[in-house]
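Numbers for residues simply follow the sequence, beginning at 1.
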Amino acid sequence: EFRELAKKVGRPLPDDLAVELETVAKRGIHLAFVFASNDPGFELLRAQGRRSVGRLQRAAQLSLDIIEGPDHTFTPVWSHPILTERLTRLVESIS
């Protein structure tokens with residue numbers, strides 16, 4: 001792929017999510033994502049983040065939390081306490 005070739009020769013393209021994730025992680029910032037299980041954003045992160053997502057997860061610099069059942073915007077009322085608990089736990093872990 002052209003993006004991978006450009007990256008290998010030191011020429012990352014604009015809007016390169018993998019490079020952006022690495023840049024944030026190099027600043028010592030932990031990346032935390034919470035997705036609904038069928039959220040298209042999750043697949044986008046994996047597709048565009050490519051190997052960086054896996055590498056950052058293994059290095060404990062990126063975490064993914066998947067909540068089964070709700071839609072992208074967590075519309076079902078039953079999902080609100082679950083989302084709130086997960087986000088609270090994330091915030092408390094960095095405080």
* Hey, what do you get for CZ (Phe74) to CZ (Arg86), rounding to the nearest 0.5 Å? -> 8.5 Å
* Asked: Is any NZ, NE, NH1 or NH2 atom of the basic residue among Arg89 and Glu85 found under 4.0 Å from an Asp or Glu carboxylate oxygen of the other?
  -> yes
* To do: Quick one: do Glu22 and Leu56 satisfy side chain to side chain contact (heavy atoms under 4.5 Å, CB included)? Show the steps, please.
  => CA-CA 8 Å; Glu22 295 281 350; Leu56 293 171; 4.1 Å; yes
* Asked: Can you list the steps and then say if Asp65 with Leu90 is a side chain to side chain contact (heavy atoms under 4.5 Å, CB included)?
  -> CA-CA 10 Å; Asp65 195 346; Leu90 279 171; 5.8 Å; no
* Mark yes or no for whether Arg46, through its side chain, and Leu44, through its backbone, hold a donor-acceptor pair below 3.5 Å. => no
* Roughly how far, to the nearest 0.5 Å, is the CG atom of Leu21 from the CD1 atom of Ile29? -> 11.5 Å
* How long is the gap from CG on Asn38 to CD1 on Ile67, to the nearest 0.5 Å? -> 11.5 Å
* Atom pair CD/OG of Glu20 and Ser52 - distance to nearest 0.5 Å -> 10.5 Å
* To do: Check the pair Arg51, Val53 against side chain to side chain contact (heavy atoms under 4.5 Å, CB included), reporting the backbone distance first and the verdict last.
  => CA-CA 5 Å; Arg51 284 178 248 134; Val53 171; over 6 Å; no
* To do: Can you establish whether the number of heavy atoms outside His80 located under 6.0 Å from its atom NE2 is more than 12?
  => yes
* Less than 4.5 Å apart, any side-chain heavy atom of Ser37 and any of Phe42? -> no
* Quick one: pull up CD in Gln48 and CD in Glu43 and give me the separation to the nearest 0.5 Å. => 10.5 Å
* Compare all side-chain heavy atoms of Gln57 with those of Leu64 and state whether any distance is below 4.5 angstrom. => yes
* Asked: With a 4.5 Å limit on heavy-atom distance, are the side chains of Phe33 and Leu45 in contact?
  -> yes
* Asked: Would Val34 and Val77 show up in the same hydrophobic cluster when neighbours are defined by side-chain heavy atoms closer than 4.5 Å?
  -> no
* **Option from Leu87, Thr88, Ile82 for which side chain to side chain contact (heavy atoms under 4.5 Å, CB included) with Thr84 holds** => Thr88
* Asked: Is there side-chain contact between His30 and Ile94, with heavy atoms separated by less than 4.5 Å?
  -> no
* Within a strict 4.5 Å, meaning less than it, do heavy atoms of the Asp71 and Pro76 side chains meet? -> yes
